[in-house]
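Working notes, beginning with the structure itself.
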Amino acid sequence: MPEKKERTYRFCFGPWNLSEGQDPYGPPTRPPQSFDWKLEKLKEIGFDAMMFHDDDVVPDIDQKSDKELLEEAKEVKKKLSDAGVAAEMVAPRLWFSPRTIDGAFTNNDPKCRRYAIERCLRCIDIARTLGTDLIVLWLAREGTYIRESKDGRKAVERIADAIDKMLAYDKKIRVAIEPKPNEPMDQAYVPTIGHALALAHLTRDPKRVGCLIESAHAILAGLDPADEIDFACAFGKLWSIHLNDQNGLKFDQDKPFGSVNLRSAFNQVRALERNGYGRKGEYVAFDVHPYRTTKVEHWTLHLENSRKTFLRLLEKARTFDEETAKKLIADRNYAELDQMTLDHLLGD
Ligand code: XLS
Ligand code: MG
């Protein structure tokens with residue numbers, strides 16, 4: 001095998017990925033833990049960075065003055081620096097407030113739309129304080145329960161306009177849109193990476209608007225996450241990734257990476273590898289949740305296991321017999337290519 005210069009990947013998760021087990025049908029099954037405990041766990045299992053919602057950094061953010069917001073963000077920044085942990089991104093939580101019941105940027109009430117934009121600007125202040133230029137927009141409630149309730153064209157223009165206001169507020173930030181086709185909404189306005197990247201071109205500075213792919217979200221849209229990765233990378237726009245897994249078309253499961261479809265996970269890793277993902281400092285984030293049944297003493301296993309699977313699949317991607325694959329492709333012998341892939345994944 002020719003010697004290859006091998007890259008190492010850097011890993012990341014968010015405080016919400018150490019969740020307590022509540023679902024729509026039942027209460028938490030693990031006691032809530034402090035931010036310090038979560039940071040400690042992140043260090044313990046050797047991850048490199050943490051990703052945030054704005055109110056993970058500044059709890060009850062809407063009740064806090066600008067001065068309080070900056071003070072609290074600085075405290076978190078100090079904790080991160082002391083721990084040698086980077087902040088990967090900050091995402092405004094635009095789906096919790098009474099003012100975003102009917103959407104954030106696409107709300108039919110102008111006062112609510114204004115609130116959503118102001119909240120994003122405060123999120124940018126937090127990101128700046130934490131030392132990251134990446135703002136992630138999961139457009140959770142930008143959609144409808146019934147289509148007649150909003151004007152789709154206006155909705156798209158309003159989202160672009162909100163992003164413009166963010167780009168104008170800070171000339172350095174980049175916005176990564178994280179699309180998802182449904183849940184909590186029946187239909188979302190930005191369901192796929194194609195939509196996200198097209199939307200970037202409606203903004204004042206398309207170069208600063210890219211995307212974040214979450215495996216489960218692509219699967220929910222009926223798409224192959226590996227193809228979404230290649231598509232985004234063809235535009236140089238994959239700025240973050242949330243690897244996880246999803247068993248078919250149901251609620252967003254955020255299962256450990258590779259736990260449903262190992263072959264699809266392999267193809268995602270292969271796509272990241274061939275596109276040089278991470279070379280510009282991008283992190284591999286696992287947006288995974290512990291199963292509700294998880295005991296306190298096993299609380300970080302879903303994260304450690306996702307990374308373990310990723311690294312094992314990376315080895316598989318790097319040892320895939322590309323030469324034989326090329327010959328099989330030239331001979332249009334996809335049956336053998338199929339089996340060769342399975343054999344490789346199964347090990348000899
Ligand atoms: C939810 C999203 C969320 C984002 C960050 O489905 O994945 O966790 O990653 O707002
Ligand atoms: Mg996500």
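Note that ligands are numbered from 1 as they come in the structure, with each ligand's atoms numbered from 1 the same way.
For His195 (side chain) and Tyr189 (main-chain N/O), no donor-acceptor pair under 3.5 Å exists by modelled atom type. In this structure a side-chain-to-backbone donor-acceptor pair under 3.5 Å is present from Glu142 to Ala104. Remark: the backbone N or O of Ser19 is paired with a side-chain donor or acceptor of Trp299 at under 3.5 angstrom.
Counted by atom type alone, Asp321 and Thr324 present one or more donor-acceptor pairs between their side chains at under 3.5 Å. Checking Asp287 against Asn244 by side-chain atom types alone, no donor-acceptor pair falls below 3.5 Å. With no hydrogens or angles considered, no side-chain donor-acceptor pair links Asn261 and Asp245 at under 3.5 Å. With no hydrogens or angles considered, no side-chain donor-acceptor pair links Tyr9 and Asp48 at under 3.5 Å.
Ligand 1 is approached by His217 to a heavy-atom distance shorter than 4.0 Å. Every heavy atom of Phe52 sits 4.0 Å or more from the atoms of ligand 1.
Under 4.0 angstrom from ligand 1, the non-hydrogen atoms of His53 all belong to its side chain. Only the side chain of Lys180 comes within 4.0 Å of ligand 1, judged by heavy-atom distances. If you look at Asp254 next to ligand 1, there are no close heavy atoms at all, none under 4.0 Å.
In the displayed structure, Phe96 atom CZ is contacted under 6.0 Å by at most 12 heavy atoms of other residues, nucleotides or ligands. Applying the 6.0 Å contact sphere to CZ of Arg292 captures more than 12 heavy atoms from other residues, nucleotides or ligands.
Contact atoms of ligand 1 toward Trp138: 1 (C), 2 (C), 3 (C), 6 (O), 10 (O) (distance under 4.0 Å to a heavy atom of the residue). Listed by number with element, the atoms of ligand 1 under 4.0 angstrom from any heavy atom of Trp16 are 8 (O). The atoms of ligand 1 that sit less than 4.0 Å from any heavy atom of Asp252 are 6 (O). Per-residue contacts place Glu214 under 4.0 angstrom from the following atoms of ligand 1 (heavy atoms of the residue considered): 7 (O). Of all atoms in ligand 1, numbered sequentially from 1 with element shown, those under 4.0 Å from a heavy atom of His242 are 9 (O). Residue Trp95 has at least one heavy-atom neighbour below 4.0 Å for each of these atoms of ligand 1: 10 (O).
When only non-hydrogen protein atoms are considered, atom 2 (C) of ligand 1 lies nearest to Glu178 OE2, 3.5 Å. Asp287 OD2, 3.8 Å is the protein heavy atom nearest to atom 3 (C) of ligand 1.
Taking the Mg ion (ligand 2) as reference, Asp287 places its N/O/S atom OD2 nearest. For Glu178, the N, O or S atom closest to the Mg ion (ligand 2) goes by the atom name OE2.
If you put the vertex on the Mg ion (ligand 2), OE1 of Glu214 and ND1 of His242 sit 110° apart, to the nearest 10°.
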